[in-house]
Amino acid sequence: VADAIRYFSGVQIKDYGGIGGLKTINVRSMGTQHVGVFYDGIQLGNAQNGQIDLGKYSLENMESVTLYNGQKGTAVQSAKDYASASAVYLRSRTPVFQGGRRTNFKATLAGGSFGTVNPSVLWEQRLGERVSNSFNAEYLYTTGRYKFSYRKKDGYDTTAVRQNGDVRALRIEEGLHGRIPDGSWKMKLYFYDSERGYPGAFVREEPGKFRHEDRQWDTDFFAQGSLYKEWGDWHLNASFKYAYDYLHYLSDPRLDVSTMYVDNHYRQQEAYASLAQEYKINGWWDVDLAADYQFNTLDADLVNFVYPSRHTVLTALSTSLRWEKLKLQGSVLHTFVADRAREAGAAAESRHHWTPTAVLQLIPFRDKNFTIRAFYKRIFRMPTLNDLYYTFIGNKYLKPEFTTQYDVGATWEKSWTKGFLRNIDCTFDAYYNEVENKIIAMPASNQFQWTMVNLGLVQIRGIDAAAGTQLALGPVSANVRITYTFQKAQDFTDPSSPWYGGQISSTPSASGAPTLGIDWKGWHLNYSFIYTGERYEAVANIPENHAQPWYTSDLSLSRAFALGAHQLKGTLEVNNIFNQQYEVVQCYPMPGTNFRLILSWIL
C-alpha cells in the first residue's frame with residue numbers, strides 16, 4: 001500500500017530503510033498522526049503512538065486506494081470520517097462472479113532480490129444468491145540484506161551490506177459480503193503475525209561497529225462489520241470493530257553496544273461502534289447525524305506504568321445542499337475524550353472540543369468540465385497514550401494539537417471518443433495549513449530520559465498539481481500522468497531561535513512523480529519516476545543537516561496467457577533501475593537495483 005500511495009500529490013512516505021522498516025504516511029506536512037487510515041470504511045487505530053504501519057497491508061486483496069484532503073464528501077459516514085485532517089481509504093475486493101460462476105481463485109508466487117519469497121492465495125466463493133465469501137492469505141520472507149554505497153566522513157566511497165533487515169510475516173483475511181433489500185452488509189476478520197529485525201541507522205563514522213540486533217514481534221487481529229440500509233428517504237449505516245494488537249520489542253546490548261537493554265511487551269485493545277444516518281429532506285437537501293464510541297486500553301511491562309484506558313465519543317452533524325452548479329457541505333464535530341488510570345491522579349484531564357468544516361464545489365461556466373472547489377477545516381488530535389503516559393517520557397499535562405486547513409483548487413477534464421487524444425484531466429490546489437500546540441520531545445535530566453512538551457507552531461503553504469492523459473494509436477494505448485507538490489513548511493515555535501521560520505525536518509520543498517503506461521496486444525509496460533527534492537534532516541537549516549535530492553525509476557512488464565479455461569499472468573519488475581543510492585530518512589539507506597518476478601494462476 002505504501003508503494004501505491006507515494007504517487008499521490010502532497011504525500012510523503014517515511015521509509016526507515018528497506019523491506020522491514022516502518023512505513024508511515026504524512027500528508028501536506030501535518031504529521032503522521034493527523035492522517036486517518038480507513039479499511040473498508042472503518043478506521044485503523046493505534047492509541048499507543050498514533051502511527052499506522054502501511055507495510056502491514058497488501059495490494060493483493062485491494063480494490064482501491066483513495067486519498068482525501070479535508071474529508072470525504074459522501075453521505076451516511078461515521079463521525080470518525082470527519083475527525084482527521086486527511087484520510088486514506090483502503091477498500092478490499094468485493095467478489096464479482098461472471099457468467100454464472102460460483103468460484104474465483106487466484107494463486108500467486110512472487111520472488112526476487114534479497115531472498116524474497118512472497119506466495120499468496122485469493123479464494124472467492126458464492127454461498128447463495130445474496131451472500132459470498134472471500135479468503136486471502138499471504139506470506140512474506142526476505143533476508144533484507146542488500147548492498148549500498150556511502151561516503152565515509154573525511155574519507156572515501158565504499159560499500160556495505162544492510163544487516164538485520166529480515167522479515168517473516170503472515171497475513172490472513174476472511175470476509176463475508178451480503179445483499180439485503182435496499183442495502184448490504186459485510187464482515188471481515190484480519191490476522192497479521194510477523195517477526196522482523198530492525199536494521200537501525202547506519203553511522204558512517206564507524207561502519208560496522210553498530211550491529212543493530214533489535215528484534216520486534218507483532219500479532220494483530222481485528223474483527224469488524226458494517227450494515228447499510230435504506231428506508232425511503234432515511235438511510236442508515238451501522239458498524240462495529242474489535243481489535244487486539246500485541247508487540248514485543250527486544251534490544252540487547254550484548255549484541256549491540258550502542259543500545260540499552262529493553263525487553264518490553266505491549267498489548268492494545270480497542271472496541272468501537274458507530275451509527276450514522278441520513279435524511280433526505282428533498283432532492284437537493286439532506287441532513288446527516290453520526291455518533292461513534294471507542295474504548296482503548298494499553299498494557300505494558302514497564303516500570304511505574306499507569307495502565308491507561310481511553311473513552312472517546314464523537315458526534316457529527318452535517319448537511320449538504322446541491323444545485324445544478326453549486327454544492328455546499330457544512331459539518332460540526334464534537335469530540336469528547338476521557339482517560340482513566342489505575343493510580344489516582346495519574347490520568348490526564350478530560351477534553352472536549354467543537355470543530356467545524358465547510359466545503360464548496362462550483363461549476364462556474366456552461367461547460368461542466370471545469371470545477372472550482374474549496375474547503376475550510378479545523379480539527380484537533382488528542383495526544384497519544386505514549387505522549388501522555390510513557391514511563392520517564394510522558395507528560396499528562398499536554399494540550400491537544402490543533403490543525404487549521406484552507407484549500408482552494410480547480411479541476412478540468414475533457415474526453416473524446418475518436419482520434420489520438422482520448423482524455424485529459426488536470427487538478428490544481430493551493431493550500432495553507434497551521435498546526436498549533438505541536439507535540440515534540442525534549443531532553444530532560446539525561447539523554448535517555450526525555451519528556452513531551454507543547455512547543456510547536458508550524459505553518460504550511462503549498463501547491464499540489466496533477467495532470468493526466470490517455471492516448472490511442474491503432475493497437476497501442478498509453479496513459480501518462482504527472483503529479484507535483486511544492487511546500488513551504490516553516491517552524492515558528494520560538495522567535496528567539498536562530499532557526500525561526502526554517503523548513504521543518506524531512507520535508508522537501510518540491511517533489512513529483514511522472515508515470516507512463518503502455519498497452520499493446522496484451523502486453524503492459526509501466527514506467528514510474530519518483531523525485532524528492534532537497535530537505536533538512538533537523539530543525540536547524542544548516543549545511544550539516546542538508547539532504548540531497550533523490551529519485552528512482554521503476555519499470556514493469558506483464559502479460560496474461562490463456563491456459564484453456566484458466567489464465568496465467570506473469571510480471572517482471574525492475575526497481576531503482578539506475579541504482580540510485582538514496583535515503584528517505586537520514587542514515588537509513590534504501591536498496592539499489594532490485595528485481596521481482598510475479599506469477600499468478602487465475603481460475
Inset, instruction - Rounded to the nearest 0.5 Å, what's the gap from CZ on Phe529 to CG on Leu555? Could you check? - result: 14.0 Å

Inset, instruction - Find out whether Asn264 and His248 are in side-chain contact, i.e. whether some heavy atom of one side chain is under 4.5 Å from a heavy atom of the other. - result: no

Inset, instruction - Would you please test Met590 and Gln581 for side-chain contact (heavy atoms from CB on, under 4.5 Å) and show each step? - result: CA-CA 7 Å; Met590 297 295 290; Gln581 302 297 300; over 6 Å; no

Legend entry - Check: Ser226 side chain, Ser239 main-chain N or O, donor-acceptor pair, under 3.5 Å: no

Inset, instruction - Quick one: list whatever passes side chain to side chain contact (heavy atoms under 4.5 Å, CB included) with Asp193, sequence neighbours left out. - result: Arg168, Phe191, Thr219

Legend entry - Result of checking Glu60, Glu174, Arg171 against Asn136 for side chain to side chain donor-acceptor pair (under 3.5 Å): Arg171

Inset, instruction - Using side chain to side chain contact (heavy atoms under 4.5 Å, CB included) as the criterion, list what pairs up with Glu270, not counting sequence neighbours. - result: Lys241, Ala243, Tyr272, Gln294, Asn296

Inset, instruction - Taking the side chain as every heavy atom from C-beta outward, state whether Leu90 and Met62 have any atom pair closer than 4.5 Å. - result: yes

Inset, instruction - Could you tell me which residues satisfy side chain to side chain contact (heavy atoms under 4.5 Å, CB included) with Ser477, sequence neighbours excluded, listed by chain and number? - result: Asp519

Inset, instruction - Mind checking side-chain hydrogen bond (donor to acceptor under 3.5 Å, both in side chains) for Gln77 and listing every partner two or more places apart, or none if nothing turns up? - result: Thr74

Inset, instruction - For Arg535, enumerate each residue passing the side-chain hydrogen bond (donor to acceptor under 3.5 Å, both in side chains) test, keeping only those at least two apart in sequence or located in another chain. - result: none

Inset, instruction - Kindly check if the number of other-residue, nucleotide or ligand heavy atoms within 6.0 Å of OH (Tyr551) is above 12? - result: no

Inset, instruction - Name all residues meeting the side chain to side chain contact (heavy atoms under 4.5 Å, CB included) criterion together with Phe105; count only those two or more places apart in sequence or in a different chain, and write none if there are none. - result: Ala107, Val121, Trp123, Trp601, Leu603

Legend entry - Side-chain heavy atoms of Val161 within contact of Tyr146, under 4.5 Å: no

Legend entry - Backbone N/O of Gln125 and side chain of Ser132: donor-acceptor pair under 3.5 Å: no

Inset, instruction - Return the set of residues passing ring pair (Phe, Tyr, Trp, His ring centres under 6.0 Å) with Tyr582 (not counting sequence neighbours), or none when no residue passes. - result: Trp550

Legend entry - Side-chain donor-acceptor contact under 3.5 Å, Ser274 with Asp292: yes

Legend entry - Heavy-atom check, side chain of Ser194 versus side chain of Trp217, under 4.5 Å: no

Legend entry - Backbone of Asp214 reached by a side-chain donor or acceptor of Asn164 within 3.5 Å: yes

Inset, instruction - Mind checking the CG-CG spacing from Leu109 to Leu597? Nearest 0.5 Å is all I need. - result: 8.0 Å

Inset, instruction - Can you measure from OH (Tyr57) to CD (Glu173) and round to the nearest 0.5 angstrom? - result: 8.5 Å

Inset, instruction - Please confirm whether the backbone N or O of Asn69 pairs with a side-chain atom of Gln71, one donor and one acceptor, at under 3.5 Å? - result: no

Inset, instruction - State which residues pass side-chain hydrogen bond (donor to acceptor under 3.5 Å, both in side chains) with Asn594; sequence neighbours excluded, sorted by chain then number. - result: Asn575

Legend entry - Leu572 side, atom CG; Ser556 side, atom OG - distance, nearest 0.5 Å: 8.5 Å

Inset, instruction - Give every residue pair that meets the salt bridge (Lys or Arg N to Asp or Glu O under 4.0 Å) criterion with at least one member in residues 29-38, sequence neighbours excluded. - result: none

Legend entry - Partners passing side-chain hydrogen bond (donor to acceptor under 3.5 Å, both in side chains) against Ser29 (at least two apart in sequence or in another chain): Gln487

Inset, instruction - State whether a side-chain donor-acceptor pair under 3.5 Å links Ser58 with Glu138. - result: yes

Inset, instruction - Begin with the C-alpha distance, continue with both residues' side-chain angles, and end with the deciding distance and a verdict on side-chain contact (heavy atoms from CB on, under 4.5 Å) for Ile25 and Val11. - result: CA-CA 7 Å; Ile25 180 174; Val11 167; 3.9 Å; yes

Inset, instruction - Just say parallel, tilted or perpendicular for the rings of Phe561 and Trp523, cut-offs at 30° and 60°. - result: perpendicular

Legend entry - Side-chain donor-acceptor contact under 3.5 Å, Asp464 with Thr485: yes

Legend entry - Backbone N/O of Asp387 and side chain of Thr384: donor-acceptor pair under 3.5 Å: yes

Legend entry - Distance, nearest 0.5 Å, that separates CG of Leu516 from CD1 of Ile482: 11.5 Å

Legend entry - Asp220 with Lys56: basic N within carboxylate O range, under 4.0 Å: yes

Inset, instruction - If a pair satisfies salt bridge (Lys or Arg N to Asp or Glu O under 4.0 Å) and one of its residues is in residues 548-566, list it, with sequence neighbours excluded. - result: Arg6-Asp554

Legend entry - No-hydrogen, no-angle side-chain donor-acceptor test under 3.5 Å, Lys188 and Gln224: no

Inset, instruction - Verify, without hydrogens or angle tests, whether Arg102 (side chain) and Arg126 (backbone) share a donor-acceptor contact under 3.5 angstrom. - result: yes

Could you pull out every donor-acceptor pair under 3.5 Å between side chains of residues 91-99 and any protein atom, sequence neighbours left out?
| residue | atom | partner | partner atom | Å |
| --- | --- | --- | --- | --- |
| Arg91 | NE | Glu63 | OE2 | 3.2 |
| Arg91 | NH2 | Glu63 | OE2 | 3.0 |
| Ser92 | OG | Asp40 | OD1 | 3.1 |
| Ser92 | OG | Asp40 | OD2 | 2.7 |
| Arg93 | NE | Glu124 | OE2 | 3.0 |
| Arg93 | NH2 | Glu124 | OE1 | 3.2 |
| Arg93 | NH2 | Glu124 | OE2 | 3.0 |

Inset, instruction - With rounding to the nearest 0.5 Å, note down the distance linking CG in Asn61 to NZ in Lys106. - result: 9.0 Å

Inset, instruction - State whether a side-chain donor-acceptor pair under 3.5 Å links Tyr527 with Ser553. - result: yes

Legend entry - Ring geometry between Tyr89 and Phe38 (parallel below 30°, tilted from 30 to 60°, perpendicular above 60°): parallel

Legend entry - Worked verdict on Gln216 versus Leu247 for side-chain contact (heavy atoms from CB on, under 4.5 Å): CA-CA 7 Å; Gln216 178 170 314; Leu247 186 152; 3.6 Å; yes

Inset, instruction - Look only at the side chain of Ser113 and the backbone of Phe595, and say whether a donor-acceptor pair between them is shorter than 3.5 Å. - result: yes

Inset, instruction - Mark yes when over 12 heavy atoms from residues, nucleotides or ligands other than Lys72 sit less than 6.0 Å from its NZ; otherwise mark no. - result: yes

